[in-house]
Visitor: 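Submitted below is the structure of interest, expressed as structure tokens.
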Amino acid sequence: MHAPSPLANVSPGPGAYSSSRSRARRGPWLASICLAGALLAPEAARAIDVNSADYLPAPAGTNLLLFYSQYATRSEYESTSGAVLSQDTGLDSYINILRYVHYFDVAGYRMAVQALVPAGTLYNGRVGGASLDAAAGLADPILSAAFWLINNKATESYVAIAPYLYVPVGQYSPGAALNIGENRWKLDLQAAYYQGLGSGFALQLTGDVIWYGSNGEAGNGLETLKQDNTYQFQAWLSYAFAPTWSAAVGYSKYWGGTEYLSGITTGNATQRDQVRLELSKFVTPTFQVLGLVQRDFNTSGGFPEDFRGTVRLMQVF
């Protein structure tokens with residue numbers, strides 16, 4: 001489910017029950033990022049990423065317990081002005097997420113409620129030789145409820161909406177360049193369409209808009225951080241090539257999310273494209289293992305990910 005801070009990409013959608021450049025000189029913009037502490041977390045602005053069959057709903061009464069373990073590495077920073085730092089620049093993250101989902105019916109409509117509790121560490125952070133202190137601890141928990149407007153098993157057609165609320169209780173140190181928590185409320189509204197195509201193939205499309213509250217303890221700890229809305233489009237094409245196996249290829253595009261510290265742009269935003277590959281297997285009828293790899297390209301306003309790898313374990317009960 002890729003970070004509520006560095007989670008948002010790790011964060012899956014509500015229905016995880018699935019079958020199957022030239023180098024820039026260090027200037028004022030770098031000081032505003034590193035010294036004012038405007039970075040927060042490398043992906044604090046991202047929307048909720050989904051796996052390839054997250055919006056294929058489970059039967060009413062089903063419970064899911066999931067555990068995600070994710071590692072990501074980055075080796076350059078690019079501001080929204082186009083300035084790129086790649087020498088002695090990078091950031092690594094390791095994030096774990098525990099997630100619970102429950103499906104039920106209301107007035108004939110399928111619904112799911114869920115809670116996600118992320119925790120992890122940001123380390124090896126540096127920008128143009130300027131070291132960033134590591135950050136570790138609990139990230140902001142996420143609460144969500146999904147509602148299927150269309151749930152047609154016969155035609156394998158599903159349409160759903162799901163709001164995600166980020167609760168700002170994660171680790172946050174005013175004035176620090178990196179934080180696991182965001183110290184602000186955040187709301188992500190996601191809409192999804194899932195369609196079986198026959199012969200084991202399926203298509204899933206999702207769209208997000210994310211709104212941000214203000215962080216009044218940003219920068220030097222006394223400044224206010226605000227951010228424009230972020231938008232995201234995700235597409236997955238999956239193929240169940242055996243009774244217990246499924247593979248998928250995906251694409252994601254983020255845009256918007258420009259940050260402002262005391263009214264001045266920080267150089268951070270959420271503009272990037274991403275490619276994804278996924279493989280999953282039900283080891284038993286109720287236990288699934290899923291692996292996912294991702295890579296950013298066409299980025300602007302942050303640390304592009306050279307590599308992100310995630311392992312997801314899911315128990316159905």
Side-chain angles (χ1 to χ4, degrees), residues 1-13 16 21 23 33 39-52 54 66-79 84-97 118-129 131-132 134-136 139 177-180 230 232-238 246-255 257 268-281 289-313:
M1 150 211 110
H2 236 290
S5 316
L7 301 179
N9 217 339
V10 184
S11 304
R21 39 217 80 131
R23 189 179 311 140
I33 292 170
L39 275 180
L40 294 179
E43 298 170 21
R46 288 196 177 188
I48 290 287
D49 281 3
V50 295
N51 293 114
S52 64
D54 274 4
L66 305 101
F67 175 76
Y68 301 77
S69 184
Q70 172 223 88
Y71 168 76
T73 185
R74 309 154 186 86
S75 60
E76 70 176 25
Y77 177 87
E78 180 178 354
S79 76
V84 178
L85 286 173
S86 56
Q87 183 176 9
D88 201 14
T89 297
L91 181 64
D92 296 331
S93 62
Y94 180 66
I95 303 296
N96 291 322
I97 303 172
T121 181
L122 308 174
Y123 60 102
N124 291 339
R126 58 206 182 279
V127 180
S131 180
L132 307 177
L178 293 175
N179 277 292
I180 292 290
T230 288
Q232 182 182 15
F233 168 77
Q234 300 176 73
W236 279 104
L237 179 63
S238 60
S246 181
V249 58
Y251 165 79
S252 172
K253 183 176 184 64
Y254 306 86
W255 67 99
N268 288 336
T270 53
Q271 300 175 25
R272 66 195 64 205
D273 295 79
Q274 187 182 86
V275 291
R276 307 165 170 179
L277 294 173
E278 180 190 275
L279 181 67
S280 64
K281 176 178 174 56
V289 178
L290 180 147
L292 172 67
V293 293
Q294 300 157 267
R295 181 180 175 85
D296 290 343
F297 65 101
N298 290 339
T299 62
S300 175
F303 284 95
E305 291 182 351
D306 300 324
F307 171 82
R308 176 191 289 265
T310 303
V311 174
R312 188 190 79 181
L313 309 178

Visitor: How close do Thr230 and Gly257 get, heavy atom to heavy atom, and via which atoms?
Guide: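 Answer, listing the atom of Thr230 first, then Gly257: OG1-CA, 3.4 Å.
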
Visitor: Would you please indicate if the ring centroids of Phe303 and Tyr77 are separated by under 6.0 Å?
Guide: yes

Visitor: Val289 versus Lys281: any side-chain heavy-atom pair under 4.5 Å?
Guide: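 A side-chain contact is absent here, since even the closest heavy-atom pair is not under 4.5 Å.
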
Visitor: Measure up the Tyr251 and Phe233 rings against each other and bin them: parallel (under 30°), tilted (30 to 60°), perpendicular (over 60°).
Guide: tilted

Visitor: Between Gly302 and Asn268, which heavy-atom pair has the shortest distance, and what is it?
Guide: CA-OD1, 4.3 Å

Visitor: Distance from Phe297 atom CZ to Asp273 atom CG, nearest 0.5 Å?
Guide: 4.5 Å

Visitor: Does a side chain donor of either Ser52 or Ser238 reach within less than 3.5 Å of an acceptor in the other side chain?
Guide: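 Note: Ser52 and Ser238 side chains miss the donor-acceptor criterion.
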
Visitor: Walk me through whether Arg295 and Asp306 qualify under side-chain contact (heavy atoms from CB on, under 4.5 Å).
Guide: CA-CA 6 Å; Arg295 181 180 175 85; Asp306 300 324; 3.8 Å; yes

Visitor: Measure the OH-CD1 distance between Tyr68 and Ile95 for me, rounded to the nearest 0.5 Å.
Guide: 14.5 Å

Visitor: Do you know the tightest heavy-atom contact between Val50 and Gln234?
Guide: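 For Val50 and Gln234, the tightest heavy-atom pair comes out as N-OE1, 3.0 Å.
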
Visitor: Any chance you could measure Tyr94, atom OH, to Thr121, atom OG1, to the nearest 0.5 Å?
Guide: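 Going from the OH atom of Tyr94 to the OG1 atom of Thr121 covers 11.0 Å.
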
Visitor: State, to 0.1 Å, how close Ala177 and Leu132 come at their nearest heavy-atom pair, and which atoms those are.
Guide: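 For Ala177 and Leu132, the tightest heavy-atom pair comes out as CB-CD2, 3.9 Å.
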
Visitor: Under 3.5 Å, is there a donor-acceptor pair between the Arg276 and Gln274 side chains?
Guide: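 Note: Arg276 and Gln274 side chains meet the donor-acceptor criterion.
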
Visitor: Does any donor atom in the side chain of Ser93 or Arg74 lie under 3.5 Å from an acceptor atom in the other side chain?
Guide: yes

Visitor: Stepwise, does the side-chain contact (heavy atoms from CB on, under 4.5 Å) test hold for Leu66 with Arg312?
Guide: CA-CA 7 Å; Leu66 305 101; Arg312 188 190 79 181; 3.7 Å; yes

Visitor: If I take atom CG from residue Leu290 and atom CG from residue Leu279, how far apart are they, to the nearest 0.5 angstrom?
Guide: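 Answer for the CG-CG pair, Leu290 versus Leu279, is 7.5 Å.
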
Visitor: What's the separation between atom CG in Asn124 and atom OG1 in Thr89, rounded to the nearest 0.5 Å?
Guide: 12.5 Å

Visitor: Can you find a pair of side-chain heavy atoms, one from Asn51 and one from Glu278, that are under 4.5 Å apart?
Guide: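 Of all side-chain heavy-atom pairs linking Glu278 with Asn51, at least one is under 4.5 Å.
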
Visitor: Go through Lys253 and Asn298 one step at a time and tell me if the side-chain contact (heavy atoms from CB on, under 4.5 Å) criterion holds.
Guide: CA-CA 9 Å; Lys253 183 176 184 64; Asn298 290 339; over 6 Å; no

Visitor: What are the two closest heavy atoms between Gln232 and Ser252, and how far apart are they?
Guide: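 Answer, listing the atom of Gln232 first, then Ser252: NE2-OG, 2.8 Å.
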
Visitor: Got a second to check how far Leu122's CG is from Asn179's CG, nearest 0.5 Å?
Guide: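 It is 8.5 Å, given to the nearest 0.5 Å.
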
